[in-house]
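Throughout, residue positions are numbered sequentially from 1 according to the sequence presented.
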Amino acid sequence: MTSDTSTAGILSRPYLLATVGACALVFLSAFESLAVTTIMPLVSRDLDGASLYALAFAGPLATGVMGMVAAGNWSDRRGPAAPLYSSVALFVAGLLIAGMAGTMEMLVLGRLVQGLGGGAMTVALYVLVARVYPPALHPKIFAAFAASWVVPSLVGPFAAGVVAQLSSWHWVFLGVVGLVVPALLMVVPAVRGMASEPATESVPWAFGRMGWAALAAVAVLGLNLSAEVPGVGGVIAVVALVIALIAVKPLVPRGTLTARRGLPSVILVRGLASAAFFGAEVYLPYLLTERYSFTPTFAGLTLTGAALAWAGASAIQGKLGAKLADDLAVKIGALLVLVAVVSTLVTAALALPAAVAIGGWILAGGGMGLMYPRLSVMTLALSTPENQGFNSAAMSISDSLGGALSLAATGLVFAAFTTTNSFAGVFALTAVIAVAGVLIAPRVATRAGASETRDAEPELSHHA
């Protein structure tokens, strides 16, 4: 690139199409996520699917791991164009299945397909960022991704609640399909411009990693369903958890599960943050509708506040740039998430006013907006062109698998506790996870004098 493009903004001519197209797809994913979280209590009641409530959220996160590994490997070989198109097609197929579902089992199936496409799409977009934008613009494009949550966070939960109340929750899924065409049309020119990049044939197909990803997904699904097996459900849950942890090891940089300083801890903190935040968030509308008699529309507004805080904090960190150290942003963000989860815990346990949990959850959104873009920036900074796909996939895998395992565990806790204490049990578990995130957050910083390349070397040698 010329010196002019190296100093250009993300909306300047060299990057305009890529920015608009990528942000449109982020918008699509954001709208769907917020809308489904809002209506799921109603869907569960309508389809008599309380036992599969957690699986409806954990399932797509689990299958997303498979999509992430495949898309990461495919992107390292051929670039992100084909993985991006394929992932969008799967995402739409899942929405159609879920939207036409007449049983909770069929809806969960649609969510599984949707997760497979959504996971692959996330990785393809991260590789697109690495290939199109110079490192100096990475904080700004990731801030733009977060800002793409603003509009859906304003209208998504409220619109989903209104549609579900006035028409049918089915249209919340089917209506999102209508967003795909304009999003795809905007991203096509940007992806086409990348299609001329030479393929990296030296990167082999990682069938072994794909197998481990499939095993991890099966383990998460088994953990979700273990409560349905009388007598030995506890044993199945423990075995499934162990298998999931074993399966994820080859999918992330060496030292991730032991919180090795640098890139491994960046990946681990991403998973812990996801586990704490999303493990609690999916039960917050449930708490408000069941315990405080909120309508789905107004319960969804809680998610709107958190999403706006996420986008706002992300924009702030993008403007601060190097003035705010990456590791400091991560530490502050992890602490805010912990405070927020504790606020939901005390609300559920002590029957405090709903405003306590709602206000706390705004802090959670701010914490996530502050640390998520910086974790993404750090991941790409510790990557090379040969392993951008793998490391981007590892970050997304940690994100999704952390959330999936948390949702599986909270589902078991929710079913095990009495009706009075079930919500408190869920939020207590996610609070423990948030504490772990706060304790490990300082380890995202590399040792003094250690280079970025050296930090990446263990992962490269381990996964070559």
Side-chain angles (χ1 to χ4, degrees), residues 23 26-27 29-30 33-34 37-38 139-158 266 269-285 287-288 299-321 323-347 354-378 399 402-403 406 427 430-431 433-442 444:
C23 288
V26 172
F27 174 96
S29 179
S33 176
L34 290 162
T37 303
T38 301
K140 292 186 180 297
I141 184 60
F142 287 124
F145 282 1
S148 297
W149 283 71
V150 171
V151 173
S153 68
L154 283 171
V155 302
F158 186 81
V266 170
V269 169
R270 181 81 170 212
L272 291 172
S274 173
F277 183 86
F278 295 109
E281 185 182 57
V282 299
Y283 283 94
L284 187 53
L287 172 69
L288 296 176
L301 290 178
T302 301
L303 307 183
T304 297
L308 287 172
W310 187 322
S314 183
I316 290 172
Q317 68 78 35
K319 289 184 178 180
L320 289 174
K323 294 178 182 178
L324 177 65
D326 291 339
D327 61 320
L328 180 58
V330 172
K331 287 186 282 188
I332 295 173
L335 184 59
L336 288 175
V337 170
L338 173 59
V339 171
V341 176
V342 170
S343 75
T344 62
L345 170 59
V346 297
T347 300
V356 176
I358 294 171
W361 209 243
I362 293 175
L363 292 179
M368 296 293 277
L370 195 61
M371 74 171 128
Y372 253 46
R374 293 307 179 98
L375 291 170
S376 301
V377 169
M378 295 174 80
D399 198 351
S406 176
F427 297 135
T430 51
I433 298 171
V435 169
V438 169
L439 294 176
I440 296 174
V444 300

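- When side chains are defined from C-beta on, L287 counts as touching F427, because their heavy atoms get closer than 4.5 Å.
- Nearest heavy-atom pair across L284 and A357 is CD1-CB, 4.1 Å.
- Here side chain to side chain donor-acceptor pair (under 3.5 Å) pairs that include residues 325-346, with residues two or more places apart or in two chains, are D326-R374.
- Nearest heavy-atom pair across A276 and V337 is CB-CG1, 4.2 Å.
- Evaluation of the side-chain contact (heavy atoms from CB on, under 4.5 Å) rule for L439 yields V435 as partners, not counting sequence neighbours.
- Taking both residues in full, the closest heavy atoms of T430 and G279 are given as CG2-C, 3.6 Å, listed atom of the first, atom of the second, then distance.
- Across all their heavy atoms, S406 and A275 have their closest contact at OG-O, 2.8 Å.
- Residue pairs that meet the ring pair (Phe, Tyr, Trp, His ring centres under 6.0 Å) test with at least one member in residues 323-346, sequence neighbours left out, do not exist here.
- In this view, I440 and A259, S265, L268, V269, L272 satisfy the side-chain contact (heavy atoms from CB on, under 4.5 Å) rule, not counting sequence neighbours.
- For S274, the side chain to side chain donor-acceptor pair (under 3.5 Å) partners at least two apart in sequence or on another chain are D399.
- Note: L324 CG to I316 CD1 = 10.5 Å, rounded to the nearest 0.5 Å.
- Residue pairs meeting the salt bridge (charged side-chain N to carboxylate O under 4.0 Å, His left out) criterion with at least one member in residues 310-319: none, sequence neighbours excluded.
- P373 and Q317 make their closest contact through CB-NE2, 3.2 Å (heavy atoms, listed as atom of the first residue, atom of the second, distance).
- Annotation: the span from L370 atom CG to L363 atom CG amounts to 12.0 Å, rounded to 0.5 Å.
- Between Y372 and W310, the ring planes are perpendicular. Angles over 60° get that label, and only those under 30° would be called parallel.
- Here the side chains of I433 and V341 are not in contact, with every heavy-atom distance at 4.5 Å or above.
- Closest heavy-atom contact between M371 and A329: CB-O, 3.9 Å.
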